[in-house]
Asks: 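Questions regarding the structure given below will be posed in turn.
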There are 2 protein chains.
Amino acid sequence: MAHPKAPTLWDRSREIAVAAILDTALRLFAEQGYDATTMAEIAKEAGISQRSLFRYFGSKEDLVCGDQDGLGRLLKDTVEAQPPDVSAWDALRAGFETIMVARHTPERVLRIATLIFSTPSLRARYVEKRLRWQADLVPAIESRMGIADAPAPDPRAPAVIAATFACADTATELWVRSGGRADVAALFDEAISAVRT
Amino acid sequence: MAHPKAPTLWDRSREIAVAAILDTALRLFAEQGYDATTMAEIAKEAGISQRSLFRYFGSKEDLVCGDQDGLGRLLKDTVEAQPPDVSAWDALRAGFETIMVARHTPERVLRIATLIFSTPSLRARYVEKRLRWQADLVPAIESRMGIADAPAPDPRAPAVIAATFACADTATELWVRSGGRADVAALFDEAISAVRT
DNA sequence: GACGGCTTGGCAGTAACTGCCAGGTTGGCG
DNA sequence: CGCCAACCTGGCAGTTACTGCCAAGCCGTC
């Protein structure tokens, strides 16, 4: 907060620590499965106390779903940054395109996504986060659809947003099931056009 | 299993017990909130041991989301029972119409739905269950869309299903937020038509 | 070199959940 | 009626995720 010019050497080592912890955690999850891996195990393997592990990542699920938060903001910013004459659908499409490109290395994303899509509790957490993104997008999409703040609640904007997310999730799931070989963007477009006809 | 003619008096008292436990649980949730209510508290209030409470309901979330399972089967059966010339969309619509009517008393449904939609962990669990319903519906919808079992995975049927669920959830959420005064079916149709145009 | 701020680690505690075992209830059979 | 097997119940201990608390250590500053 104080000085953006002060990475303070703590922040730096913190970032390194976070990355290292994340690596060991994902490795253990891959080796033994998510549920069979305990936080105590991860802490020991990473060489830190259990208490600090929980300070870095508020929950076990955050080890996997934590970096989703950044994508949510990115999606919202991208959608809102589209020129006003871009339709709601196209704005959302542009947003998803951005966060698909923003993914670090495809291999890492595939590993994480596979974990999420094959672990019910993680999948639930993942969906829950995306529900919050959807709520954040409603104002931007409503204005793009020419919907004024009416007295009666209007389902149109939330429905379009939710349907777009549904298409993105469908595409992602098939991408995961193909082992990363399918083309996510193409699947997404196919899904959208199937819904809109 | 043995005799369907043997309610065995155990099953009967079990049903009564389940209903009574459910009532006290929902009452406590309404009074103190879901997270602030412990299973120990519910067990004590219901006059059974904590161990038995967990035998009746496998988890705390099942106290609220447990009876969803029946609706999933009902939805699937209704969709599959539609005549073959009914389109995928209309078949899904008929299915949702059925489970909307199948709701017990609207007040009870409203109480439960309000709880689910205002408690993130319950909402996540709820969505997770519905994700499994969606997977069950894919074959029926694919055949209705004239999609043969192809070598390449096809996103169209899952996308249509997921979009329909998204519309249903949107309608339900607005219905909950209106305190049960809005017309769910009308909201659902508005949502669908907004998505499909 | 002492001080204040920040981090870390251990410890105890809570709450959801599970396995195990003893004890009581129910239902069928002689 | 008596007995046995099947079943359910309750309590107990244990696991795991997660939290608050407090002492100990590290870092930059005066």
Side-chain angles (χ1 to χ4, degrees), chain A residues 1-22 24-25 28-29 32-66 115 119-126 128, chain B residues 1-22 24-25 28-29 32-66 115 119-122 124-125 128:
Chain A
M1 273 301 154
H3 301 262
K5 250 319 199 283
T8 63
L9 173 136
W10 251 337
D11 298 337
R12 209 182 318 274
S13 54
R14 179 188 175 91
E15 268 175 55
I16 296 174
V18 164
I21 295 168
L22 225 53
T24 62
L28 289 177
F29 289 155
Q32 335 174 326
Y34 178 79
D35 290 323
T37 305
T38 69
M39 289 298 266
E41 213 172 340
I42 297 170
K44 191 198 252 181
E45 193 85 0
I48 59 171
S49 76
Q50 207 169 338
R51 194 67 191 80
S52 291
L53 177 56
F54 274 104
R55 259 192 284 259
Y56 281 122
F57 304 90
S59 72
K60 190 181 178 184
E61 286 155 349
D62 274 353
L63 279 166
V64 182
C65 297
L115 200 55
T119 309
S121 63
L122 283 176
R123 182 86 192 261
R125 177 79 165 164
Y126 169 81
E128 188 204 325
Chain B
M1 273 301 156
H3 301 264
K5 248 327 198 279
T8 62
L9 174 134
W10 251 336
D11 299 335
R12 210 183 316 276
S13 53
R14 180 189 173 89
E15 267 176 56
I16 295 174
V18 164
I21 296 167
L22 225 53
T24 60
L28 289 177
F29 289 156
Q32 333 174 329
Y34 178 78
D35 290 322
T37 305
T38 70
M39 290 297 265
E41 214 172 340
I42 297 170
K44 192 198 254 181
E45 194 84 2
I48 59 170
S49 77
Q50 206 169 335
R51 195 65 190 82
S52 291
L53 177 54
F54 275 104
R55 259 192 285 260
Y56 281 122
F57 304 89
S59 71
K60 189 181 178 184
E61 285 156 350
D62 273 354
L63 279 166
V64 181
C65 298
L115 200 54
T119 310
S121 64
L122 283 177
R125 176 82 165 162
E128 188 206 325

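To find a chain, count down the sequence lines: A is the first, B the second, and so on, and within it residues start at 1. These numbers come from the heavy atoms of this one structure, side chains and all, not from hydrogens, waters or symmetry mates.
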Asks: Check ring pair (Phe, Tyr, Trp, His ring centres under 6.0 Å) between B:F29 and all other residues, then give those that pass, not counting sequence neighbours.
Replies: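 So B:F29 forms a ring pair (Phe, Tyr, Trp, His ring centres under 6.0 Å) with B:Y34.
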
Asks: With sequence neighbours excluded, tell me which residues meet side-chain hydrogen bond (donor to acceptor under 3.5 Å, both in side chains) with B:D35.
Replies: none

Asks: For DNA chain D, which residues of residues 50-61 of chain A approach it to below 4.0 angstrom with any heavy atom?
Replies: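 Heavy-atom cutoff 4.0 Å gives A:R51, A:F54, A:G58, A:S59, A:K60.
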
Asks: I need the B:I48 CD1 to B:I21 CD1 distance, nearest 0.5 Å.
Replies: 3.5 Å

Asks: Is there side-chain contact between A:R14 and A:Y56, with heavy atoms separated by less than 4.5 Å?
Replies: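 They are in side-chain contact.
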
Asks: First locate atom CZ of A:R51, then atom CE of A:M39, and finally report the distance between them rounded to the nearest 0.5 Å.
Replies: 11.0 Å

Asks: Strictly distance-based, threshold 3.5 Å: is any side-chain N or O of A:S59 a donor or acceptor partner for the main-chain N or O of A:D62?
Replies: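 Judged by distance alone, yes, a pair lies under 3.5 Å.
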
Asks: I'd like to check the side chain to side chain contact (heavy atoms under 4.5 Å, CB included) partners of A:L22; sequence neighbours left out, ordered by chain and number.
Replies: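 Result, side chain to side chain contact (heavy atoms under 4.5 Å, CB included) vs A:L22: A:F57, A:L63, A:R108.
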
Asks: Using the test side chain to side chain contact (heavy atoms under 4.5 Å, CB included), find all partners of B:A40 that sit at least two apart in sequence or belong to another chain.
Replies: B:T38, B:Q50

Asks: In whole Å, I'd like the distance from the CZ atom of B:F29 to the C1' atom of C:dA16.
Replies: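 The answer, rounded to whole Å, is 12 Å.
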
Asks: What are the residues of residues 33-41 of chain B, sorted by number, that bring a heavy atom to within less than 4.0 Å of DNA chain D?
Replies: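 Nothing qualifies; none.
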
